[in-house]
Trainee: 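Structure below; questions to follow.
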Amino acid sequence: MNKDNRVINAAILGFGTVGSGVYKISCDMKEELLHRTGAYLNIKKVLVRDKTKKREGLDMSLVTDSWSDICNDPEIEIVIELMGGISPAKEYVLEALNAGKQVVTANKDLLAEYGAEVREAANLKHCDMQFEAAVAGAIPIIRPLKQSMAGNRITEIIGIVNGTTNFILTKMSETGMSYDQALAEATRLGFAEADPTADVEGLDAGRKMAIMSSIAFNSRVLFSDVYTEGITKISADDIRYAREFGYVIKLLGLAKITDDGIECKVHPMLIPEEHPLASVRNANNAVFVHGDAMDDAMFMGKGAGQMPTASAVMGDVVDVMRDIVYDSCGRVGSSCYKEERVKDITESSTKFFMRIKAEDRPGVLANIASVLGNNGVSIAQVVQKSRSEGIADLVIITDEVVEKHFDDALKVFKGLSVVKEVSGVIRVY
Ligand code: NAP
Ligand code: HSE
């Protein structure tokens, strides 16, 4: 394929971890890109905040700190947004689309909140707007959901979509490190950001689940619709007890379509040791998808990092270049043609694991069981782990229960003098 050695000019916004990786691939693969798309890719400009800073491997004549140099240049056909954050990324992406430029972005924060607005701008101008790298780094999941699996009704997605938290939980589980030690190790190795809040509180995973759910269920799910709970309260004891019951603890994103709406949530969960997601270790990500025709499929790989993320960005760039060469931009538009309700977490059902410290004397277990029973919570397993100074440490796993009923039982425990502490409340797959 060679359409007269056409040159396609692009600009990269941001020369940080991912931007520098994308630049590297675009330089290293010039000839391959020509053969694969029918055009040369020329990075004409690179936008940064501080243009005096030395940037390793970058031709400094390309560097600008002026967005208008890019937006007003009619030769630049593709804008590759890798700055991150909402503003000014949102304004730049909208202005690029309004100017008829194709956009590739890795910005999950932007898409999980303003995906509809960005998509609308792309549709109006028949532009491509691609974002494979926004979810699960190198793993192809956006294009499979939009295209390869388009002959299915997707009913469920379960994902380990945050590498930092998966790394921390793996270290806690396999080496006995505390949460703080594992977080320090993740920071030392460069997985966790200087401010790890978005990772450890489940916000990063929540954004990725919102984006995937919107595509999978053809109905917009915003980040604010997603219930998020992080891993900061998981203790070494929780992990040890879970293992004794045959489970590992993972931070999971769960999304499914039900008769009365979409469920979309992120929280720690006990999953059976033999479940395929249990073997996804360290900073790896995995996404498990169920479709009515295809049954189950699992996608696994590196969810972050310079070159893995740049790989996903460049896949989008190649797709856009082909669309430009064949004059077919805007071919794949919005997935959201329905309006489904997103359910509140209290409406969904799950099993629970919990640890209760209670007075160690006759009748206390019966008292606890009756509180659970009165609120419609049935006990699947109960084990007394230890007893000292008149206090017994109980571990309980419930049957599936509507979350609201379980919350009601927890409220009763708060006012019960024989119950000293309820901790380690974690959902069970
Ligand atoms: P990063 O290392 O912090 O780099 C950001 C770059 O953007 C820097 O070069 C910075 O310029 C530039 N920038 C920021 N604000 C700017 C502004 N207002 N004007 C001009 N330039 C600006 O970020 P990153 O890790 O590469 O992440 C980029 C995007 O990829 C984010 O949306 C992120 O969520 C997404 N992503 C990252 C990963 C990953 O593993 N890192 C994985 C998946 C997705 P200066 O250098 O001058 O400060
Ligand atoms: N901070 C994210 C993670 C990578 O740990 O998975 C960017 O999406």
Side-chain angles (χ1 to χ4, degrees), residues 11-24 45-56 58 60 62-71 79-93 103-114 131-139 141-142 159-170 183 186-187 189-209 211-212 230-231 251 253 266 280 282-287 301-313 316:
I12 302 176
L13 315 189
F15 198 77
T17 307
V18 185
S20 56
V22 167
Y23 180 74
K24 184 173 180 327
K45 289 273 179 260
V46 174
L47 181 77
V48 292
R49 255 184 307 228
D50 176 3
K51 72 175 188 177
T52 62
K53 193 162 128 189
K54 181 86 189 103
R55 316 262 170 182
E56 175 118 15
L58 176 62
M60 290 305 281
L62 308 182
V63 173
T64 177
D65 58 5
S66 161
W67 162 239
S68 61
D69 279 358
I70 293 167
C71 193
V79 167
I80 308 168
E81 187 278 302
L82 301 169
M83 301 187 304
I86 304 284
S87 189
K90 179 182 165 210
E91 292 77 22
Y92 292 178
V93 162
V103 168
V104 173
T105 177
N107 194 329
K108 56 200 159 254
D109 304 43
L110 174 63
L111 295 169
E113 215 165 317
Y114 298 102
F131 50 92
E132 184 63 70
V135 177
I139 304 175
I141 187 63
I142 300 300
I160 294 175
V161 287
N162 183 268
T164 302
T165 46
N166 202 43
F167 177 85
I168 292 172
L169 291 173
T170 306
L183 174 59
T187 309
L189 292 171
F191 297 132
E193 316 246 343
D195 176 3
T197 312
D199 291 318
V200 298
E201 295 296 354
L203 313 180
D204 175 77
R207 293 186 175 106
K208 292 167 180 168
M209 292 308 295
I211 294 170
M212 285 195 288
I231 63 162
L251 182 73
V266 170
V280 178
N282 295 323
N284 283 316
N285 281 198
V287 183
K302 298 228 177 315
Q306 184 191 41
M307 297 316 285
T309 311
S311 152
V313 173
D316 282 349

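Each ligand, and each atom within it, is numbered from 1 in the order the structure gives. Predicted, not measured: the structure shown is a model, and the values here were computed from it.
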Trainee: Got an N/O contact under 3.5 Å between T17 and ligand 1?
Mentor: yes

Trainee: Is G305 near ligand 1, meaning one of its heavy atoms is under 4.0 Å from it?
Mentor: yes

Trainee: From atom 11 (O) of ligand 1, work out which of R49, E81, K53 has a heavy atom at the shortest distance.
Mentor: R49

Trainee: With atom 43 (C) of ligand 1 as the reference point, say which of T309, D65, D109, V313 has the nearest heavy atom.
Mentor: T309

Trainee: Would you please say whether a donor-acceptor pair under 3.5 Å links the side chains of E56 and S20?
Mentor: no

Trainee: For ligand 1 and L13, I'd like to know whether there is a polar contact (N/O to N/O, distance under 3.5 Å).
Mentor: no

Trainee: Considering residues at least two apart in sequence or located in another chain, which fulfil the salt bridge (charged side-chain N to carboxylate O under 4.0 Å, His left out) criterion with D204?
Mentor: K108, K208

Trainee: Between G16 and ligand 1, is there a nitrogen or oxygen pair with a distance under 3.5 Å?
Mentor: yes

Trainee: Return yes when R55 approaches ligand 1 closer than 4.0 angstrom through a heavy atom, no otherwise.
Mentor: yes

Trainee: Write down, by chain and number, every protein residue that brings a non-hydrogen atom to less than 4.0 Å from an atom of ligand 2.
Mentor: K108, N162, G163, T164, D199, D204, K208, A304

Trainee: Have a look at L111, I86, T164, V18 and point out the one with the heavy atom closest to atom 24 (P) of ligand 1.
Mentor: V18

Trainee: Under 3.5 Å, side chain of N107 to main-chain N/O of G85, donor-acceptor pair present?
Mentor: yes

